[in-house]
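Notes follow the structure.
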2 protein chains.
Amino acid sequence: MTKETKDIQKKYQVGVEATLEVIGGKWKPLIIYNLMTGRKRTSELRRLIPNITQKMLTNQLRGLENDGIITRKIYKQVPPKVEYELTAYGWGLKGALDSLCYWGEDHLDKVHGDKSKVLEECNASQN
Amino acid sequence: MTKETKDIQKKYQVGVEATLEVIGGKWKPLIIYNLMTGRKRTSELRRLIPNITQKMLTNQLRGLENDGIITRKIYKQVPPKVEYELTAYGWGLKGALDSLCYWGEDHLDKVHGDKSKVLEECNASQN
DNA sequence: CAGTATCCTTTCCGATACTG
DNA sequence: CAGTATCGGAAAGGATACTG
């Protein structure tokens, strides 16, 4: 193996891993997906993602914010109001996420049958 | 939220998750990447991925095999010889993995600077 | 050479209670 | 309403020793 091959191999690995750190985890894809339909309050996200705990929601939102995927806007009022919104940078993930969705749906169909409507559903987040 | 939206949301989530189950984990992307350059013996993979333990290598290979991504060919001889190879189905992951690599490299560059050669390296696995 | 078994650490994540 | 703190279980992964 040449040094160049080793470098490329490493780049490939760290590239993939870097993305998986941003969109991986149990809830991040779903949070991003829901923000693709527009800015949302914390309570809206909780309603849209019923099974997530408050702790995990905050965790994942902070992670996405630190990676520049979303913004967090705080309205100084009582009771508090916070809104999350995808950044332009975050929208750049759409292609990768759609790839994952499409392949995954296709894969599940291969295992379980029923191949209808795969494409439409994976692209349903489009504007 | 309409029932349709809920369904699409769920599809999106399970699709992404299904793919992440196949290519997720610490070593699977790198194993797939290395198999993109051709069939490999177990010992070759160990050499190509120096930090992986035998346990994890076997683990991940079994997972990929169960998902139909790779085949395992056993030569009945002493000492044993086993070769792993990407299936046509496994090659279907290339697009998704490249998306992840590309975005990840781009993201790392955004954080660390040095934007050179991103495209080439992510596409280096091409034939 | 290829794979298995065991033990251990680390990380992820859920449940619950609490605060401004 | 939004967020924090703490506890505990489950799962992923690493180190090591062993087998055919």
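To find a chain, count down the sequence lines: A is the first, B the second, and so on, and within it residues start at 1.
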Do B:Y33 and A:Q9 have side chains that get closer than 4.5 Å, going by heavy atoms?
yes

Whole Å only: how far is the CG atom of B:L30 from the P atom of D:dG13?
13 Å

Check step by step if salt bridge (charged side-chain N to carboxylate O under 4.0 Å, His left out) holds for B:E85 and B:K73.
CA-CA 8 Å; B:E85 185 171 15; B:K73 179 168 184 184; over 6 Å; no

Nearest heavy atom decides the nucleotide; on that basis, is A:K26 or A:P80 closer to the 5' end of DNA chain C?
A:K26

Kindly compute the distance separating NZ (A:K11) from CD1 (A:I8), expressed to the nearest 0.5 Å.
10.5 Å

If you define the side chain from C-beta out and look only at heavy atoms, does anything of B:C101 sit under 4.5 Å from B:E105?
yes

Return the CG to OG1 distance between A:L93 and A:T19, rounded to the nearest 0.5 Å.
7.5 Å

Can you pull out the residues from residues 56-76 of chain A that lie within a 4.0 Å heavy-atom distance of DNA chain D?
A:T58, A:R62, A:R72

Any residue meeting salt bridge (Lys or Arg N to Asp or Glu O under 4.0 Å) with A:E44, in chain and number order, not counting sequence neighbours:
none

Which of these passes side chain to side chain donor-acceptor pair (under 3.5 Å) with A:Y84: A:E65, A:R41, A:R39, A:R72?
A:R72

With A:A96 via side-chain contact (heavy atoms from CB on, under 4.5 Å) - residues at least two apart
B:S99, B:L100

The single option from A:I23, A:I69, A:L61 that satisfies side chain to side chain contact (heavy atoms under 4.5 Å, CB included) with A:I31 is A:L61

Give me the bend of the helix from C:dC1-D:dG20 to C:dG20-D:dC1, using the axes of the five pairs at each end, rounded to 10°.
40°

Nucleotide range of DNA chain C contacted by chain A, 5' to 3', under 4.0 Å to a heavy atom?
C:dC13 to C:dG20

For DNA chain D, whose closest nucleotide is more 5', that of B:Q54 or that of A:Q54?
A:Q54

Residues passing the ring pair (Phe, Tyr, Trp, His ring centres under 6.0 Å) test with A:Y89, sequence neighbours excluded, are B:W103, B:H107

